[in-house]
Amino acid sequence: MKKIALEEHFMSPGLDEYWRPTMADVPKPIYDGIRARLTDFGELRLKEMDDAGIELAILGVAGPGVQVEPDARRATFKAAEANDFLAAEIAKRPEHYLGFAHIALQDPNAAAAELDRCVRQLGFKGAMINGQTLGHYLDERQFDPFWAKAEELGAPIYLHPADPVQMYQSFGAYKELQRATWGWGVETGTHALRMVFGGVFDRFPKALLLLGHLGETLPFMLWRLDSRAKLYGVKLKREPSDYVRDNIAVTISGMFSKEPVECSLAALGKSRVMFSADFPFESISEAGHFMDRVEMDEDTRADIAWRNAARILKIDMK
Ligand code: ZN
């Protein structure tokens with residue numbers, strides 16, 4: 001089954017300084033292997049994609065990128081530099097690569113302008129945001145210009161996990177619960193719910209948020225979100241679950257397991273679930289084999305593997 005993959009990472013030379021600290025605990029041989037694949041746009045990456053049946057990958061910066069840069073002007077400049085770098089790599093293999101913009105949210109108006117440039121001039125398919133930006137979350141009113149632009153362009157925004165401002169006290173000494181094990185799901189699911197409960201999708205009803213990891217547990221929680229929103233007198237135009245169904249779509253990145261896929265399909269519908277691998281942090285071949293073999297009807301498999309992505313990202317693929 002051919003596939004489009006949306007959460008596939010790369011690293012540009014100017015962003016290495018932000019990424020390196022996140023890998024401090026990783027043994028050097030593993031770090032070197034990941035870095036070699038992150039910075040490769042040729043044989044290493046294409047061979048793995050080909051083996052897994054991935055025809056097209058939407059490339060996005062490995063986080064956190066400029067979102068941790070305290071100097072807003074430097075962040076804005078370096079984000080544009082990374083986007084130009086990616087556009088040049090895509091131009092070498094346009095049949096295999098497309099891009100998500102890297103955005104410095106430190107200056108929301110400049111962020112909107114860069115999203116516009118990336119979509120209209122560079123042909124990117126939306127943006128990938130790596131969690132909070134210096135403690136600020138996407139529901140804040142200061143980001144309305146960014147959402148207005150995303151809605152105007154019909155550009156989906158992929159919210160990728162990153163660390164919270166501070167590690168959760170409740171994790172205590174259990175450092176292994178941070179990040180991908182559990183912490184990133186809590187942080188990213190919370191970030192998405194801040195947008196739902198903060199009325200972002202009342203203000204921008206056509207905005208579309210993409211979440212990896214099958215929606216960071218949200219598909220499992222819909223009934224409870226609606227039930228508790230009534231208890232607490234939440235004032236939104238619609239029920240929380242309506243926004244999750246209509247303004248959020250999810251990918252299977254890093255969740256190669258049948259039960260959560262079934263839950264997501266049942267909760268969101270088969271038009272809202274898409275394939276992804278999470279290169280180079282997960283095994284592309286495991287992702288591809290899972291997609292090819294997981295029990296489901298062939299129509300749904302084609303929807304998840306590539307049709308939904310082609311429709312949502314406006315990619316011409318037959
Ligand atoms: Zn990822």
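When a ligand or atom number is given, it counts from 1 through the structure's own listing order. Everything numeric in this text was worked out from a predicted model, so none of it was measured.
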What do you reckon, are the aromatic ring centroids of Phe146 and Phe143 less than 6.0 Å apart?
no
Quick check: of its N, O or S atoms, which one does Glu7 have closest to the Zn ion (ligand 1)?
OE2
Within 45° of the ring axis of Phe77 and under 6.0 Å from its six-membered ring centre, is that where the NZ or CZ of Arg73 lies?
no
Are any N, O or S atoms from Glu282 nearer to the Zn ion (ligand 1) than 2.8 Å?
no
Which is the closest N/O/S atom of Asp278 when seen from the Zn ion (ligand 1)?
OD1
Apex the Zn ion (ligand 1) - arms NE2 from His9 and NE2 from His160 - angle rounded to 10°:
90°
When you check the side-chain N and O atoms of Ser276 and Glu7, is any donor under 3.5 Å from an acceptor?
no
Donor-acceptor pair between Asp51 and Ser285 side chains, under 3.5 angstrom
no
